[in-house]
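Below, chains carry the letters A, B, ... as their sequence lines are ordered, and counting in each starts from 1. Computed from a predicted structure; not experimentally measured.
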Protein chains: 2
Amino acid sequence: MKRITLFGYAILGLLYGKASSGYELRKIFAETPMGGFSDSPGAIYPALRRLETWELIAASATSKSPPRRRRTLELTSEGIAALKLWLEIPLEEADVANHLRTIMLKFAFMESVLGDSATLIFLYSLQKELQAYMPRLTNFIKAQSGRMPKSGQLALESGLRGYLAQVQWVSHAVSVYEGDKE
Amino acid sequence: MKRITLFGYAILGLLYGKASSGYELRKIFAETPMGGFSDSPGAIYPALRRLETWELIAASATSKSPPRRRRTLELTSEGIAALKLWLEIPLEEADVANHLRTIMLKFAFMESVLGDSATLIFLYSLQKELQAYMPRLTNFIKAQSGRMPKSGQLALESGLRGYLAQVQWVSHAVSVYEGDKE
DNA sequence: TGAATCATGTAATAGGTTACATGATTCT
DNA sequence: AGAATCATGTAACCTATTACATGATTCA
């Protein structure tokens with residue numbers, strides 16, 4: 001029985017782009033602002049092992065020559081299917097409230113896996129859910145105002161501004177994809 | 001040997017504001033956009049038990065009357081000390097890159113625990129670290145441009161916009177606290 | 001009285017963190 | 001030859017998740 005974690009999907013998504021070794025993946029997690037996933041070997045190698053036993057990934061080559069001895073891993077067709085399945089799960093409002101990180105990870109991989117039009121549809125639904133969530137958040141903040149210290153109030157506002165930035169970003173992203181279609 | 005998790009500090013901070021039962025804390029986590037911590041009993045009661053065995057919190061009353069039978073928990077002096085110690089740890093640039101959530105949690109509790117001037121100092125240092133981090137992020141994005149699909153590029157931009165929003169928020173927050181001083 | 005919800009807990013599981021370990025290879 | 005780093009792994013521990021369980025109390 002397999003339950004793929006967000007970390008697992010991050011690995012699948014990266015391998016979809018390019019077959020890589022554990023070490024290469026580690027470097028990506030360590031050196032890029034990607035999601036803030038762990039780059040520790042104790043996280044990555046067990047995760048790879050799991051994905052391998054589930055046959056979602058497989059060693060394509062265990063080269064000993066030039067680039068040292070390393071196990072290059074690639075997606076199997078089942079791995080690709082699992083990744084697609086995950087990307088195709090429709091958004092719900094609760095996701096927007098709590099799992100923006102998950103959403104952005106999905107988006108990052110979506111174009112290459114599902115194509116432009118699916119990505120655009122995803123952006124539309126994200127836009128819709130964000131717009132539904134914003135007033136809920138502002139109302140909550142208003143309701144709390146006065147019942148917390150300034151810093152609590154401001155902390156909430158920080159979250160609000162973050163979501164506002166996402167709203168603007170979605171519009172921007174949509175325009176990029178819409179512009180591309182014609 | 002005690003290692004307090006972020007979740008643990010969230011509890012300590014909330015209890016600093018008001019002695020509460022586990023159930024009350026659950027409701028806060030469930031119904032407010034606070035950090036996105038778990039509201040499940042399997043998370044909260046063990047966490048409370050740990051904090052209790054470390055004597056950072058203690059049951060102030062186990063009322064059976066009106067508000068049912070509930071264990072109201074409050075901070076001990078050691079709990080307050082632990083919370084203060086955590087809040088006083090100075091910021092580093094790596095924190096800004098990866099642990100914005102932690103930072104905002106700290107900020108939310110800081111005013112009531114450490115006072116206005118400490119909070120303002122915290123904001124200044126946050127401002128400094130954010131400003132140091134922004135160019136690193138923009139450079140990284142520039143370096144990647146062209147070497148990823150549009151969606152990957154845009155995902156990075158989303159992060160960038162989030163940080164930009166935080167930069168603006170810090171300025172706002174600073175002005176609120178500076179305005180207060182005079 | 002029965003349903004809902006209040007309020008606290010526990011058990012199994014799984015995944016991440018931390019730390020350690022080990023060889024091979026490149027570089028000086 | 002020795003240091004650094006490449007590359008993979010393992011083991012102990014801890015915590016969150018999930019699901020279940022249990023009584024008490026309010027409310028219809």
Rounded to whole angstrom units, what separation is found between the CH2 atom of B:Trp54 and the C1' atom of D:dT15? 10 Å

Find the distance A:Leu25:CG to D:dA7:C1' and express it as a whole number of Å. 12 Å

Does B:Tyr177 have A:Lys150 sitting over its ring (NZ/CZ under 6.0 Å from centre, angle to axis within 45°)? yes

Output the rounded distance in Å from CG (A:Leu51) to P (C:dG16). 10 Å

Going 5' to 3' through nucleotides 16-22 of chain D and flagging B where a protein heavy-atom sits under 4.0 Å of the base, S where only the sugar-phosphate is that close, and - otherwise, we get SBBB---

I need the CZ-P distance between A:Arg70 and D:dT5, as an integer number of Å. 17 Å

A:Ser20 meets the side chain to side chain donor-acceptor pair (under 3.5 Å) criterion, sequence neighbours left out, with none

Rounded interatomic separation in angstrom, taking CD1 from B:Ile4 and C1' from C:dT17: 17 Å

With a 4.5 Å cut-off on side-chain heavy atoms, are A:Gln166 and A:Met104 touching? yes

Is A:Tyr23 near enough to D:dT8 that one of its side-chain N or O atoms lies under 4.0 angstrom from OP1 or OP2? no

Between B:Leu12 and B:Ile57, does a side-chain contact (heavy atoms from CB on, under 4.5 Å) hold up when you go through it step by step? CA-CA 8 Å; B:Leu12 293 182; B:Ile57 65 177; 3.8 Å; yes

To the nearest angstrom, the OH-P distance between B:Tyr45 and C:dA7 comes to 9 Å

Atom-pair distance (CG on A:Leu48; C1' on C:dG15), nearest Å: 14 Å

Could you check whether B:Arg49 gets within reach of a base, just the sugar-phosphate, or nothing at all, counting any heavy atom under 4.0 Å? sugar-phosphate

Under 6.0 Å from the ring centre and within 45 degrees of the ring axis: does the NZ or CZ of B:Arg101 meet both conditions for the six-membered ring of B:Phe37? yes

From CD1 of A:Ile44 over to P of C:dA19, roughly how many Å is that when rounded to an integer? 19 Å

Is the distance between the ring centroids of A:Tyr133 and A:Tyr163 under 6.0 Å? yes

